[in-house]
Amino acid sequence: MTRTIVDDNFLTWEVYVSGGQPDSPEAARLFFLCLDARTSPARFVEHGSRSVAAAERDLLGLTDGELKDLLARSVPNA
């Protein structure tokens with residue numbers, strides 16, 4: 001499941017959940033992929049629950065403004 005948001009610079013971002021193994025450093029992350037600048041690295045924030053199911057529920061329930069706030073706090077995927 002994905003969502004699409006537009007940031008304050010009018011760039012379109014696809015937002016999705018990616019989950020590694022539970023309790024691993026990669027568990028339950030919200031990823032942001034810029035659709036207008038495909039060469040830009042994806043960005044992510046870790047979901048506090050570390051649960052993919054909870055992160056997906058939140059992705060559906062968050063407002064666009066809340067997702068933009070998370071995007072602002074995200075870090076590049078290295």
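- For the pair M1/V17, no side-chain contact is recorded, criterion being any heavy-atom separation below 4.5 Å from C-beta on.
- Nearest heavy-atom pair across S49 and A54 is OG-CB, 3.4 Å.
- Taking the side chain as every heavy atom from C-beta outward, V75 and F44 approach each other to under 4.5 Å.
- Partner of L11 under the side-chain contact (heavy atoms from CB on, under 4.5 Å) criterion, out of D36, V6, I5: D36 alone.
- Under the 4.5 Å side-chain criterion, counting only non-hydrogen atoms from C-beta, L70 is in contact with L62.
- The distance from atom CZ of R73 to atom NZ of K68, rounded to the nearest 0.5 Å, is 14.5 Å.
- Under the 4.5 Å side-chain heavy-atom criterion for Ile, Leu, Val, Met, Phe, Trp and Tyr, V15 and F10 are members of distinct hydrophobic clusters.
- Using a 4.5 Å heavy-atom threshold, the side chains of R3 and D64 count as touching.
- Between the SG atom of C34 and the CG atom of D7 there is a distance of 7.0 Å, given to the nearest 0.5 Å.
- Separating the OG1 atom in T4 from the CG atom in L33 is a distance of 10.0 Å, to the nearest 0.5 Å.
- Residues A28 and V52 share a closest heavy-atom pair of CB-N, 3.9 Å.
- For the atom pair OG of S40 and CZ of F32, the computed distance is 14.5 Å after rounding to the nearest 0.5 Å.
- For the atom pair CG (N77) and CZ (F31), the distance works out to 4.5 Å, reported to the nearest 0.5 Å.
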